[in-house]
Each structure stands twice: as C-alpha cells, then as structure tokens.
Amino acid sequence: MQIFSEPILSALARLTGQPLAQLKLERPRDPKLGDLAFPCFLVAKERKQAPPAVAAELAAALAGQLDGISASAAGPYLNFRIDRPLLAREICAEVAIAGERFGASDEGAGKTVLIDFSSPNIAKPMHIGHIRSTILGAALVRIFRHLGYKVVGINHIGDWGAQFGGLVVALRRWKGEVDLEGDPVMGLLDLYQRSKAALKDDAQFQAEAVAAYQELESGREGEVRELWRWVTEVSMRGFLATYARLGVSHELVRGESWYEPLLAPTLERVKAAGVTEISQGALVVQLGELDKSLKETPCLLQQTNGTTLYATRDLAALFSRFEEFGFERCLYVVGGEQKLHFRQLKGVLKRMRQPWEPRVEHIDFGLLLGPGRKKIASRKRGEVLVLDDLLDEVTEAAEKVIEAKNPALAKRAQVARDVALGALIYNDLKRERIKDVIFDEHEILSFEGDTGPYLQFTHARLASILRKAHANEDAALRSKPDWSALENAGEILVTIGRFGDVVRSAAARAEPSELSGYLLGLARDVSTWVSSSDNRVLGTAGPEGAARVALVRCAKSALGNGLRLIGIPTPEEM
RNA sequence: GCGCCCGUAGCUCAGCUGGAUAGAGCAGCGGAUUUCUAAUCCGCUGGUCGGGGGUUCGAGUCCCCCCGGGCGUGCCA
C-alpha cells in the first residue's frame, strides 16, 4: 500500500508546503468515496481558506499528476482512488512475493523485546486465570517477531514463597492419600488445597510450615529442598504439556527462586541510590513527589522482620534483565489488578534515575469473569477451572460440530483441536485487552458469528477453492490474469494492503485486538465476495478466472498470516 | 475516604488516538443451497454514545463536575 500512499503524500507535501511527517491519510467513511482520504482542515486553517475550497484546489492541481491514482474533492476531503487493475496487480504481487513474510518488516532489527507472560505458580495446574496472559503474551511474541525484533518470551514461574512451607508439610502428612503417580499435578492441587485449610486452623501445621519454609530459604540441601525440586519438576512437566496444546512456548523459563541470590545486592543498590527510608519499621521508597496519586502508597522493599517482598523480587529481576538483554521494551503481560505494583516499580526506577525506565511497560488486561460478572467455576471440580479440562470440553464440542457439518473430513481429531484453540484464542483477543472478558461458554461453544472458527472457516473455504482449481487443472491457472476483472474486490485489496500497518500498530500499542478486529473485517469482506455467484472462481476460464484465483490466493495468504500471528491454527479443511 | 480503569443497540463489543451519515456479532423477524464448505451469505427491526457543562470550524473520542460498575489501596503475590 505504501507504493500508493507514498507518492500521494509527497505530492501533497509539495503542494501544501507542509512537512511530510505531518500529513496523514485516512480511510474514507464510505469506501465508495475512495481508497484513501486526505482531510483538508489543517491546511485550510493555515491558508485561511475554506476546507472545501482547498480540497477542490488540490484536486485540480493533482489532476493527471499521479500514475494510476485519481484525486477528487468531496466537501472538505480530498479522496484518492487507485486504478483497480493497478491495485489488484500490485497487491497480489506483493503478497505472492512476500509469502509467509507478508506484513513483516525490519523495524525491530537489532532490538530486543522482553515479554513476561503466563507465569503460573507451581504445585497447581494452569487454570482459567492464566489463559489471558498466556494467549495475549504469545500473540505479542509472534507479532513483534514478525517485525524483526529479537523476542524473548519469559516465563517467570512462581516457585518461591511461604506457601511452599505448607505444601511440604502436606506432602509429609498426606502423601499416601493422593495419587501422585498417575496425575501428580492434580494430586498436588489436592494437597495444596488441604494445606491451605490446615494453615488456617491447625497451629501445629502452621509452625511446621514456617520451619519448612525457613529451611528452604536457608538453601540447605535436605528433605525440604528435595521435595521443592520435585514439585517444581512435576509442575513444569504439566505446564509444558498444557503449553504444547496451546501452541505456546517461552525462550526463557526462570522461576522467582533464580533471583534469590540477587535480592541482597538489589537492596544495596537501591539504598546506595539514596532513595530509601525506614517507615513504620519497613524499608520503603517514597513516591509521592513523583506522582501525587502514589503519595499514600510507597513501594515496600523489606518487611520489618527483614524479609523481602514481591516488589524486591521484581526489581531484582528487572535490573538483571536489563543487564542481560539491554532490552528496547520489557513488557509485563499481567492483569490490571497489579497496576499499582508496576507503577511503584517504575516509580522506584525513576527515583533511581534509570534512563530506561520508560521501556518497562505493564501490559495490563481486564478480569476474566463468568456470566453475570460472577467468578468462573468449574462444573467438574468446583473451585478451579483447569485449563486442560476447558480445552477438552471445547475440543469435544468441536468434534460434535464436525460430525454434523463435515463427517467425511479426514484428520478430524486434529481439526477439532485446531478449531477449539481458534475459538478460545479469538475469544480472548477479540476485544481491547483492558476490557473485562465475560467468559460465555455458550458463545465459545457455538463457533458461529464473530468467532475464531468463523475466521478459520473463511480461510478453509479459500483453501478449498485453490485445492479444487489445482485438482481440476483449471485452465485459468495457465492464463495471465486480467486484473480489470477484480473491479468489485477493491475494498478487499485495499484492506489487504493495510496489513503491515495493522501489525505495526498492534505491536506499538501491544494490542493484539487490533489485528484480530482487522482479520474479522477482512474475513467478512472476503466471505461476502466468495459467496456471491457473480464471483465464481472454478469454471471461470481464461484471464478473468486467473485474476480470481490470484485474489483468492492473496486473501488466503493474508488471512492465514494474520491468524498465525495471533496464534490461531489455519487448517486447510474443516 | 483516596487512586486507577470501564460505561456506545436487549446482550457482547468495534469506532483507525479530534473529522464525512456511529458499525459488527448474538438474540428476534424474513430470505438465499442443481455449481467453489449453510461453521456461510443477503435484508429488516433495534442508538438522547451514562448525565451535565466546557475547549474546537468539528467531540463517542480531549478537559472539568456528577452518576453507575469494577479493581486496588505499607509489611500477600
């Protein structure tokens, strides 16, 4: 699309005398008006003329100046229309040449982006509460990578903390009562829940738990350390199995425990910067002068009893990460409930005058709730909705739909998994990440309308057309396309041309919903076009058919690339 | 109490960071299948953009006040 917008912008810059960077083109409200639009308000203001007069004047001045692009004034707007055959030829060629790399760029060359996402706690299976960070983070990883960044997805496993004391004691007492052989993760969950209850009303248990945690912290080898290691191992195996089902992976898995040796040096560092003080017995960094709204909430780094806190660990991790990677951006894909925590962290960095503080960003997202804004419960296990159970359930529903709609389909099990994943991922990425997600099971399982499977279905239809064209050895495949046959696909082509811009913007804002929304619009336009009997591809001979095949190929490629970027599988048949 | 976020059709959400007549999905109603997947497509119904001020040539979008909901709020993570 740049191939069209660049000459327009430079011509406008020349005619208006405005710097190129200040001019921007937008999309007309109604696509019938044109493919690109230039609002003339600002230029009009500068020239003290009426906007429509400026538009008319510019239109006249541009007449015949731009190859294959015509300009027309419509009120205060200057609209540009790209010659249809030229548009079709250029876009189809661009997509065909770029292939998997369509929409890619090298803007990230030599830059590293860290993305901290998913980060479950050990001794429990991944549950519904982890789905948003995991899906958002994995999508961001792919999007940034597409733009040439070196991306390091980090899994900051919660493998430390006082709760392990309780778990260790639970293991000692009830090891034999749960199934730790067949399904160790679920067995651990059981123990974890029992230890939580025991910590509440069993003083003996409580004391033993504290002692166990102290031993763990001391670093001594022995029973406690061994149990902790075993729990970590078993849990990680469970996480990796779940990640494999989700198509997710991390470049760096590093638990909180890894940062333990860095805690003391980090405290020293903050103290040396002269920003700490003792308040009510605790070591804190006051942030009120930086930001009035943080006046009442200093960042606590060390408790009265000397132990460190969450913020201390995250601060240690941040310094360590900056030193190790020299990141361009460090994104924390963590729920909005922790907003204060990250503002405090950044506040401490600011007070320490770390120039890279703005590169640290909290990529926050809204709550995940059930219908009626109630907490999501599991039908199977009551309290926690385990991610694997959810995947099973949605996959089962997908299998039933395949049974009904396409019983002859080969690879049914695989496609069911793909569709289930598409449904879950799209449900999470379709709205702005800051919005709370109402997890409506009915909607997830319907696979109709504004859903992942709809996008996958559109992609599969295009794949099917191409497959049949090749199987028939369609004559159109050997013809040279007549690009003027794609007159009615202009909107689709313009949309495809915007793909790269959308990917860039989604990365800049760390907002995958921008891409998912774009893909929905593209799929809708493509579905409409494909569904019209005027646009039959197969059986349309010669150059006209060749052009349609090219459009289908181009649309399938763009749609497929976009879906894969957000993590949605793209089966060829479904 | 204080801080931050959200409020657009009955429900779930878009609205391109201030521009042209506010758009989708679900739900409801009515259509489309001898031909490329009906997990689809087409049409209809449905709006005081929470309310009130302000800035601007122009406000769903920016500022202020209010209302409603959510999250958070020094020794948890």
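Everything quoted here is computed from the prediction, not taken from an experiment. Proteins get letters first, then strands, A, B, ... in listed order; numbering begins at 1 in each.
In this structure, the side chain to side chain contact (heavy atoms under 4.5 Å, CB included) partners of A:Asp501, at least two apart in sequence or on a different chain, are A:Arg504. When the ring-ring contact (aromatic ring centres under 6.0 Å, His included) test is applied to A:Phe365, no partner is found at least two apart in sequence or on another chain. Taking A:Gln302 as the reference, nothing meets the side-chain hydrogen bond (donor to acceptor under 3.5 Å, both in side chains) condition, with sequence neighbours excluded. Applying the side chain to side chain contact (heavy atoms under 4.5 Å, CB included) criterion to A:Asn305, with sequence neighbours excluded, gives A:Gln303, A:Thr307.
One finds a salt bridge joining A:Glu57 and A:Arg47 here, because a Lys/Arg side-chain nitrogen approaches an Asp/Glu carboxylate oxygen to under 4.0 Å. Salt-bridge formation is detected for the pair A:Arg321/A:Asp116: a Lys NZ or Arg NE/NH1/NH2 atom is positioned less than 4.0 Å from an Asp or Glu carboxylate oxygen. For the pair A:Lys556 and A:Glu572, the salt-bridge criterion is met [side-chain N within less than 4.0 Å of a carboxylate O]. Salt bridge annotation for A:Glu399-A:Arg412: absent, with no cationic side-chain nitrogen under 4.0 angstrom from a carboxylate oxygen.
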What does the 5'-to-3' dot-bracket notation of RNA chain B look like when only Watson-Crick and G-U wobble pairs under 3.5 Å count, and pairs to other strands show as |? (((((((..((((.....[...)))).(((((.......))))).....(((((..]....))))))))))))....
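Residue contacts for A:Arg431: at a heavy-atom cut-off of 4.0 Å it reaches the sugar-phosphate backbone alone, with no base atom in range. Contact annotation for A:Ile402: base contact, defined as any heavy-atom pair under 4.0 Å involving a base atom. Residue-level contact check: A:Ala44 touches neither bases nor backbone, having no heavy atom under 4.0 Å from any strand. As judged by a 4.0 angstrom heavy-atom cut-off over every strand, A:Leu294 is placed among residues making no nucleic acid contact. A:Gln338 comes within contact range of at least one nucleobase, with a heavy-atom separation under 4.0 Å. No engagement by A:Asp291 is indicated, since no non-hydrogen atom pair under 4.0 Å with the nucleic acid exists.
In this structure B:U33 sits in the anti conformation; its chi angle is more than 90° from 0.
Checked against B:A38, B:G3, B:A77, the side chain of A:Ser293 finds its nearest nucleotide in B:G3. When the nucleotides B:U12, B:A39, B:C75 are ranked by their closest atom to the side chain of A:Gln303, B:C75 comes out on top.
Contact between A:Gly336 and A:Asp364 at its shortest, heavy atoms only, is CA-CB, 3.8 Å. Shown here for A:Asn406 and A:Met574, the closest heavy-atom pair between the two residues is ND2-O, 2.6 Å.
Taking atom P on both nucleotides, B:G50 is separated from B:A22 by 15 Å, rounded to a whole Å. Straight-line distance between the P atoms of B:C41 and B:C4: roughly 43 Å, to the nearest whole Å. Look at the C1' atom in both B:A14 and B:U61: the space between them is 13 Å, to the nearest Å. Nucleotides B:G51 and B:G18 are separated by 22 Å at their C1' atoms, to the nearest Å. B:A27 and B:C71 are spaced 30 Å apart, taking the P atom of each and rounding to whole Å. Straight-line distance between the P atoms of B:A20 and B:C16: roughly 10 Å, to the nearest whole Å. Nucleotides B:G23 and B:C49 have their C1' atoms positioned 12 Å apart, rounded to a whole Å. Going from the C1' atom of B:U21 to that of B:G60 covers 15 Å, rounded to whole Å.
Both A:Val415 and A:Lys45 sit near RNA chain B, but only A:Val415 has its closest nucleotide nearer the 5' end. Map A:Leu78 and A:Val419 each onto its nearest nucleotide of RNA chain B; the residue landing nearer the 5' end is A:Leu78.
Within a heavy-atom distance below 4.0 Å of RNA chain B, no residue of residues 126-136 of chain A is found.
With rounding to whole Å, A:Lys200 atom NZ is found 15 Å from B:C76 atom C1'.
A donor-acceptor contact under 3.5 Å is not formed by the side chain of A:Ser464 with the base of B:C36. Between the side chain of A:Asn79 and the base of B:A20 there is at least one donor-acceptor pair of N/O atoms closer than 3.5 Å. For B:G74, the base has no donor-acceptor partner in the side chain of A:Thr297 [N/O atoms by modelled type, under 3.5 angstrom].
Counted by atom type alone, A:Asn535 and A:Asn488 present one or more donor-acceptor pairs between their side chains at under 3.5 Å.
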